[in-house]
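What follows is a structure written as structure tokens; I'll ask about it next.
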Amino acid sequence: MTLSLNEKFLKNYVTEEDIKDISGEIYKAQTTLTEKSGAGNAFLGWLDLPENYDKEEFARIKKAAEKIRKSCDVFVVIGIGGSYLGARAAIEFIRTPYYNNLKKKETPDIYFAGNSISSSALANILRICEGRDICVNVVSKSGTTTEPAVAFRVFRDLLEKKYGKDGARERIFATTDKAKGTLKSFSNDMGYETFVVPDDVGGRFSVLTAVGLLPIAVAGVDIDAMMEGARDSMLACEKKDVNDNNALRYAAIRNILYRKSKTTEMLVAYEPCAQMFCEWWKQLYGESEGKDGKGIFPSSAIFSTDLHSLGQYIQDGPRHMFETVLDIKESKDTVIIPHDPDNIDKLNFLSGKELHYVNQTAMLGTLFAHSDGKVPNLVIELKNRSSYSFGYMAYFFEYACAVSGYTLKVNPFNQPGVESYKKNMFALLGKEGYENLRKELLDRMQ
Ligand code: PA5
């Protein structure tokens, strides 16, 4: 079993009766999704993507990844939100958060730029690139997002100075809309190789498109296995039984808890390599559900690390929270705790034990503690950190998110709220067309 739910620590909060009561709504939401009859139905391309992806482009992604691997030491992926989180999450989860520090790897270092407007963040990556061969993948569906557009301008300038326009052309890869947008027309003019963000796939659902797949493939991850995992997950999600479909059941559980005033969900993992996956998950659920005055607030933590910072709040603070614990069953690595004949630190009760066993035991102890603290805990058991499992899990969360959003009666596929800060920023920066708003904002500052 790649992924399963363990509801033992939910017993006092979600009853079988609750599941029965909500199941009609869940099936309705699932039907809305599969019949493509709900709000945002123009953005359901991700639904059958694991089967109906562009095979020609997939082969081109693998070829480009090979070319990138051969021609650079540093691969810079420029994008923000859905245009970078999935790739970074997958690389850190499947390989390691220390990927760039691995001494013996046959793949380039990978840095993510254009996901903030920090001078230092960009300058640091530029410093890292000094004296090294660089390739760039600029990722933007709209092709107009300010953060990546600014970073791309900086890197394009660098590459053209370093390699000349022709040389830079061989090193710049653009992932964007198939026909429209500034980035697409610019890439065509410049002759960059381009990959497509399908029209009907929103940024936060795009990890299994070229958006995620190119950087993931450059990192040496098996993207065939990832798509296979996603396909098997898709088949499992198609089942129409809340007792035999983990995605439906997860969507049901979170809506039940939300209705019982559990308004914050914390995705918890006991592996630091899952930190960026948690960020990806937060965007997926936050942007999909947080609208119309509704939605569970998605937060995350890495335990046991954050038990030493957030543990007190979770155990004893306001009871508005539930935890979804990602339990990764197998560890990729083995660390045995050595024996100390003098037992100076009094840790000989752990001698010879595997560190992963101690981590798993810490999880069990925490589940009991947080249950005693009246925090509902759902455990999602994932077999391992393989490419296959990642694809399986990513699709599971996407499908559950869509069903959960429809159950909440929101459009899970738009993000109108994201525009507000952009308009204000453009106005304050003096962009043409924003003169009235600029005046209004400046007046408000008086
Ligand atoms: O999920 C989304 O739609 C957003 O997070 C976008 O991915 C993000 O704003 C970046 O947009 P774009 O790819 O158009 O640059």
Side-chain angles (χ1 to χ4, degrees), residues 39-47 49 76-90 112-117 121-122 136-156 172-187 192 194-216 276-291 295 298 300 394-395 397-399 401-402 404-405 410-426 431:
N41 57 2
F43 295 97
L44 295 177
W46 57 273
L47 202 54
L49 195 65
V76 180
V77 182
I78 298 175
I80 194 165
S83 289
Y84 101 101
L85 282 167
R88 188 162 174 194
F112 292 88
N115 51 63
S116 76
I117 318 178
L122 195 58
V136 167
N137 179 203
V138 53
V139 189
S140 179
K141 184 176 180 178
S142 62
T144 55
T145 308
T146 311
E147 291 90 337
V150 169
F152 181 48
R153 199 183 253 226
V154 171
F155 272 96
R156 187 163 50 86
I172 294 175
F173 301 81
T175 307
T176 187
D177 189 273
K178 70 171 185 307
K180 34 179 212 298
T182 321
L183 182 58
K184 178 61 187 170
S185 52
F186 183 73
S187 301
Y192 303 149
T194 58
F195 297 93
V196 173
V197 192
D199 278 342
D200 54 0
V201 180
R204 58 189 176 275
F205 288 85
S206 69
V207 60
L208 299 171
T209 71
V211 172
L213 294 176
L214 179 60
I216 293 169
M276 287 310 296
F277 182 78
C278 291
E279 297 304 319
W280 173 85
W281 174 89
K282 284 196 287 208
Q283 187 206 2
L284 181 64
Y285 280 78
E287 271 191 3
S288 300
E289 292 194 323
K291 53 198 70 160
S300 68
Y395 188 90
F397 277 117
E398 288 177 355
Y399 195 94
C401 180
S404 181
V410 297
N411 174 356
F413 306 109
N414 67 359
Q415 55 284 330
V418 184
E419 294 309 309
S420 305
Y421 98 93
K422 290 186 195 167
K423 276 191 271 172
N424 292 344
M425 179 177 73
F426 290 148
K431 190 172 174 177

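Both ligands and their constituent atoms are indexed starting at 1 by order of listing. Because the structure is predicted, anything quoted here is derived from the model rather than measured.
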Item to complete: Show which atoms of ligand 1 fall inside a sub-4.0 Å distance from at least one heavy-atom site of Ser142.
Response: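 Close to Ser142: 12 (P), 14 (O), 15 (O).
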
Worksheet item: In terms of atom number and element, which parts of ligand 1 are under 4.0 angstrom from non-hydrogen atoms of Thr145?
Response: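 With Thr145 as reference, the close atoms of ligand 1 come out as 11 (O), 12 (P), 14 (O), 15 (O).
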
Fill in: Residue of the set Thr194, Asp199, Val197 for which side chain to side chain contact (heavy atoms under 4.5 Å, CB included) holds with Lys178
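When Thr194, Asp199, Val197 are each tested with Lys178, the side chain to side chain contact (heavy atoms under 4.5 Å, CB included) holds only for Asp199.
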
Worksheet item: Are Lys184 and Thr176 linked by a side-chain donor-acceptor pair shorter than 3.5 Å?
Response: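 Result is no, nothing qualifies.
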
Worksheet item: Hey, which atoms in ligand 1 end up nearer than 4.0 Å to a heavy atom of Ile80?
Response: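 Reading through ligand 1 atom by atom, the close ones are 7 (O), 8 (C), 10 (C).
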
Worksheet item: Among protein heavy atoms, which lies nearest atom 3 (O) of ligand 1, and at what distance?
Response: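 Residue, atom and distance for the closest contact: Gly203 N, 3.6 Å.
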
Fill in: Heavy-atom side-chain contact between Tyr84 and Ile78 under 4.5 Å
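No, side chains not in contact.
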
Worksheet item: Should you measure from each heavy atom of Glu287, which atoms of ligand 1 turn up under 4.0 Å away?
Response: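 Reading through ligand 1 atom by atom, the close ones are 1 (O), 2 (C), 4 (C), 5 (O).
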
Worksheet entry | Within 6.0 angstrom of Lys423 NZ, more than 12 heavy atoms from elsewhere |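 Not buried by this count: 12 neighbours or fewer within 6.0 Å.
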
Worksheet item: Which atoms of ligand 1 are found less than 4.0 Å from any heavy atom of Ser83?
Response: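 Atoms satisfying the 4.0 Å criterion: 7 (O), 12 (P), 13 (O).
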
Discussion item. For atom 7 (O) of ligand 1, what is the closest protein heavy atom, and at what distance to 0.1 Å?
Written reply: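 Among all protein heavy atoms, the one nearest atom 7 (O) of ligand 1 is Gly82 N, 3.0 Å.
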
Worksheet item: Roughly how far apart are Leu49 CG and Asp200 CG, rounded to 0.5 Å?
Response: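 Answer rounded to 0.5 Å: 8.5 Å.
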
Worksheet entry | Sidechain-backbone polar pair: Lys291 side chain, Asn414 backbone, donor-acceptor under 3.5 Å |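 Pair found, side chain donor or acceptor close to backbone of Asn414.
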
Worksheet item: What is the closest protein heavy atom to atom 4 (C) of ligand 1, and at what distance does it sit?
Response: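 Looking only at protein heavy atoms, the one closest to atom 4 (C) of ligand 1 is Gln283 NE2, 3.5 Å.
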
